[in-house]
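Worksheet: one structure, shown below.
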Amino acid sequence: DGGITQSPKYLFRKEGQNVTLSCEQNLNHDAMYWYRQDPGQGLRLIYYSQIVNDFQKGDIAEGYSVSREKKESFPLTVTSAQKNPTAFYLCASSILIGGGAKGEQFFGPGTRLTVL
Amino acid sequence: AQSVTQLDSQVPVFEEAPVELRCNYSSSVSVYLFWYVQYPNQGLQLLLKYLSGSTLVESINGFEAEFNKSQTSFHLRKPSVHISDTAEYFCAVHSSYKLIFGSGTRLLVRP
């Protein structure tokens with residue numbers, strides 16, 4: 001079955017530690033995205049990537065880093081510089097506009113990160 | 001820059017009653033609009049989308065939304081809700097290779 005997987009589902013971190021969230025897709029999509037979700041604030045874009053080895057900052061990139069070494073994978077690292085990292089993190093992917101999908105994104109099940 | 005406004009943070013409704021979740025977007029030359037649904041502790045699922053053509057779009061589970069260009073709205077409606085429709089609903093507009101989301105509306109269906 002095609003889809004997006006995120007792991008782990010729940011993650012606990014001590015203050016001052018970096019942590020990496022996994023996102024893998026087998027939909028052959030070019031573009032991938034990371035969002036952060038907090039109660040009452042909807043989804044906010046952290047980073048996105050349209051092609052391998054290239055990515056752009058979203059609206060709240062400070063304290064986060066990403067890599068895109070493979071088309072299928074887009075891991076997100078939450079660094080110790082992120083002041084308030086406790087949140088629900090969602091990964092998504094899409095075909096680029098030229099592929100005809102007109103921006104529709106497919107989402108993974110999410111990772112809930114809690115800083116202790 | 002594009003923006004999306006969902007005026008209602010929470011909408012309580014009784015089972016089998018009709019419901020409307022409101023969504024307004026900032027104007028743009030071409031607009032691609034989406035409604036997503038999120039159940040607790042899950043990712044977002046696409047409910048329906050407007051890309052072009054008929055301004056009324058429907059989902060397989062009875063929801064519909066109407067694109068209104070003059071009012072820059074894309075309200076979501078269902079004539080009769082079920083308990084299982086309880087979830088959070090997000091409206092989104094496509095803008096420069098990414099989606100801009102509204103803040104979400106929590107639909108609470110009561111028996």
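Sequence lines set the chain letters: A, B, ... in the order given, protein chains first and strands last, and positions in each chain run from 1.
Counting heavy atoms of neighbouring residues, nucleotides and ligands inside a 6.0 Å radius, atom CG of L7(B) exceeds 12 of them. Atom CZ of F14(B) has 12 or fewer heavy atoms from other residues, nucleotides or ligands within 6.0 Å. Counting heavy-atom neighbours within 6.0 Å of I60(B) CD1, excluding the residue itself, gives a total of 12 or less.
Against chain B, the residues from residues 69-90 of chain A that qualify, each with a non-hydrogen atom under 4.5 angstrom away, are F88(A), L90(A) in number order.
One finds the CG atom of L99(B) at 9.0 Å from the CG atom of L45(A) (value rounded to the nearest 0.5 Å). Q105(A) contributes atom CD, which lies 7.5 Å from atom NE2 of H94(B) (distance to the nearest 0.5 angstrom).
Within the structure, disulfide (SG to SG under 2.5 Å) pairs that include any residue of residues 11-60 of chain A comprise C23(A)-C91(A) (at least two apart or interchain).
Listed by chain and number, the residues in a side chain to side chain donor-acceptor pair (under 3.5 Å) with K78(B) are D85(B) (sequence neighbours excluded). Residues satisfying the side-chain contact (heavy atoms from CB on, under 4.5 Å) criterion with S80(B), sequence neighbours excluded, are E16(B).
With hydrophobic clusters built from ILVMFWY side chains whose heavy atoms lie under 4.5 angstrom apart, I95(A) does not share a cluster with W34(A). Taking hydrophobic clusters as Ile, Leu, Val, Met, Phe, Trp and Tyr residues chained together by side-chain heavy-atom distances below 4.5 Å, F34(B) does not share a cluster with F106(A). By the rule that hydrophobic residues join a cluster once side-chain heavy atoms approach within less than 4.5 Å of another member, V31(B) and L47(B) end up as members of one cluster. No chain of hydrophobic side-chain contacts below 4.5 Å, direct or via other Ile, Leu, Val, Met, Phe, Trp or Tyr residues, connects F55(A) to L43(A).
Of the two parts of L46(B), only the side chain, counted from C-beta on, holds a non-hydrogen atom closer than 4.5 Å to a non-hydrogen atom of chain A. Contact annotation for Q6(B): neither backbone nor side-chain heavy atoms come within less than 4.5 Å of a heavy atom of chain A.
Comparing E88(B), Q45(B), Q42(B), R106(B) by heavy-atom pairs within less than 4.5 Å of chain A, the highest count is held by Q42(B). Of the listed residues R44(A), R112(A), Q50(A), Q6(A), the one with more heavy-atom pairs under 4.5 angstrom with chain B than any other is Q50(A).
Between F101(B) and Q37(A), every side-chain heavy-atom pair lies at or beyond the 4.5 Å cut-off.
With K9(A) contributing its side chain and N41(B) its backbone, the two residues share a donor-acceptor pair below 3.5 Å.
The nearest pair of heavy atoms linking K98(B) to Y48(A) is CD-CE2, 4.4 Å.
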